[in-house]
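Input: a single structure, listed below in structure tokens.
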Amino acid sequence: MELGLIGLGKMGGNMRERIRRAGHTVIGYDRDPGLSDVSGLAELVGALEGPRVVWVMVPAGGPTQAVIDELAGLLSPGDIVVDGGNSRWTDDEKHAEELAARGIGFVDAGVSGGVWGLENGYALMVGGDPEHIAVVKPVFDALKPEGDFGYVHAGKVGAGHFAKMVHNGIEYAMMQAYAEGWELLEAVDSVTDVREVFRSWREGTVIRSWLLDLAVGALDDDEHLEKLRGYAEDSGEGRWTVEAAIDNAVPLPAITASLFARFASRQDDSPQMKMIAALRNQFGGHAVEPREG
């Protein structure tokens, strides 16, 4: 089948290649002319035979909204737009309504796989009407990993991005657990080879995972992570997961704590720890460390 693909960055560019390897035609557009097959969205839409399928892989929020607004004026009834970026699920409902008013279908697709997706395949969580999903299914089949798993029609519009959001929230908590365990192992004198402890966990343990494999890879590159600063950004999806938990009265202590840990990583001199140190000094006479300079 034919597919228009907008956004050819690290994910989108590899997705274009994987879909082409499966025998489909992909016409891609990116703001970088060196990556694009066409000069703009109008040319992309004109190059596709109807009914068209256009997949959007641009940053969430304003950029996605701008692309969908432009596509709404270019596409025809019966065409379908797929949002495969990291949009908030509540935006999906708005986009679906906007496009439906023009007879255009909408599918939201949570995509996981990162830079490894080209070779390993992408896990796909999709939301939308069954008839729209069926049209795009050949592309989903091309992108997903081999085997029985890695693809799910999660539900109605918004379900795909909601499922991907929860996936990322779980990812936060898993990474935090590995990080805390690594720090504790590094802190004691009795464990002399933390990297090999992590490596030993890769087989026969209940905590083995792809994230653990990646952690070992990172330690192979920099055994004590001395080249890195202890700072970690958070994606919007981590925050959205916690917000959704509050809205639905679902307790998420591990995921919430992992998000807050990232906030703490951005403080070179934590104000909270100043208060804790001051209180410990007040009630227990514990020593405080004066600020240098």
Would you kindly confirm whether [X] and [Y] end up in one hydrophobic cluster when ILVMFWY residues are joined by side chain heavy atoms under 4.5 Å apart?
X      : Y      : value
Met11  : Tyr151 : yes
Val26  : Val38  : no
Ile104 : Val67  : yes
Ile255 : Val166 : yes
Phe106 : Ile133 : no

Could you check whether any side-chain heavy atom of [X] comes within less than 4.5 Å of a side-chain heavy atom of [Y], counting everything from C-beta outward?
X      : Y      : result
Met175 : Leu214 : no
Leu71  : Val54  : yes
Tyr29  : Leu35  : no
Trp182 : Leu219 : yes
Asp83  : Val107 : no
Arg52  : Ile80  : no
Trp116 : Asn14  : no

For this session: Kindly determine whether Lys164 and Val111 satisfy side-chain contact (heavy atoms from CB on, under 4.5 Å), including the steps that lead there.
Result: CA-CA 7 Å; Lys164 176 58 164 49; Val111 182; 5.6 Å; no

For this session: Determine, stepwise, if the pair Tyr172 / Arg262 fulfils side-chain contact (heavy atoms from CB on, under 4.5 Å).
Result: CA-CA 9 Å; Tyr172 271 50; Arg262 296 200 186 187; 3.6 Å; yes

Is there a donor-acceptor contact under 3.5 Å linking the side chains of [X] and [Y]?
X      : Y      : result
Gln176 : Glu171 : no
Asp91  : Ser87  : no
Ser209 : Tyr178 : yes

Above 12 or not: heavy atoms from other molecules or residues under 6.0 Å from [atom1] of [X]?
X      : atom1 : value
Arg20  : CZ    : yes
Glu49  : CD    : no
Glu196 : CD    : yes
Glu97  : CD    : no
Arg31  : CZ    : no
Glu233 : CD    : yes

Given [X], which of [options] fulfils the side chain to side chain contact (heavy atoms under 4.5 Å, CB included) condition?
X      : options                : result
Arg199 : Leu212, Asp213, Val216 : Val216
Ile6   : Thr64, Val58, Val82    : Val58
Val53  : Leu3, Val81, Leu75     : Leu3

Sidechain-backbone polar pair: [X] side chain, [Y] backbone, donor-acceptor under 3.5 Å:
X      : Y      : value
Asp108 : Gly158 : yes
Asp129 : Glu131 : no
Thr256 : Pro253 : no

Where is the tightest heavy-atom contact between [X] and [Y], given as atom of each residue plus distance?
X      : Y      : value
Ala22  : Ala142 : CB-CB, 3.5 Å
Ala60  : Asn86  : CB-O, 3.4 Å
Gly84  : Met57  : O-SD, 3.1 Å
His132 : Gly105 : CE1-CA, 3.5 Å
Trp201 : Thr205 : O-OG1, 2.6 Å
Ala96  : Val157 : CB-CG1, 3.9 Å

For this session: Test His167 against Glu237 for side chain to side chain donor-acceptor pair (under 3.5 Å), laying out the working first.
Result: CA-CA 9 Å; His167 164 281; Glu237 290 165 304; over 6 Å; no

Problem set entry | Lys144 NZ/CZ over Phe149 ring centroid, <6.0 Å and within 45° of normal |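 Output no; distance or angle outside limits.
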
For this session: Determine, for Tyr122 and Arg18, whether the Lys NZ or Arg CZ falls below 6.0 Å from the six-membered ring centre while staying within 45 degrees of the axis.
Result: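 No; the conditions do not both hold, so Arg18 does not lie above the ring face of Tyr122.
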
State the [atom1]-[atom2] distance between [X] and [Y], to the nearest 0.5 angstrom.
X      : Y      : atom1 : atom2 : result
Trp210 : Met174 : CH2   : CE    : 11.5 Å
Glu186 : His224 : CD    : NE2   : 5.5 Å
Glu70  : Leu41  : CD    : CG    : 4.0 Å
Leu124 : Leu143 : CG    : CG    : 5.5 Å
Ile27  : Asp37  : CD1   : CG    : 7.5 Å
Asn168 : Leu259 : CG    : CG    : 12.0 Å

Exercise. Going through the checks in order, is the side-chain contact (heavy atoms from CB on, under 4.5 Å) test met by Val126 and Phe140?
Worked result: CA-CA 9 Å; Val126 305; Phe140 297 147; 3.7 Å; yes

Exercise. What do the steps show when you test Phe162 against Thr241 for side-chain contact (heavy atoms from CB on, under 4.5 Å), and what is the final call?
Worked result: CA-CA 8 Å; Phe162 194 94; Thr241 304; over 6 Å; no

For this session: Check Glu243, Glu93, His161 against Arg88 for a side-chain hydrogen bond (donor to acceptor under 3.5 Å, both in side chains) and give me the one that passes.
Result: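 For Arg88, the side-chain hydrogen bond (donor to acceptor under 3.5 Å, both in side chains) check succeeds only for Glu243.
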
Exercise. Hey, is Asp221 close enough to Lys227 for a salt bridge, meaning N to O under 4.0 Å?
Worked result: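 No salt bridge links Asp221 with Lys227.
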
For this session: Dump the intermediate steps for salt bridge (charged side-chain N to carboxylate O under 4.0 Å, His left out) on Arg195 and Asp222, then the final yes or no.
Result: CA-CA 10 Å; Arg195 177 177 61 187; Asp222 181 7; over 6 Å; no

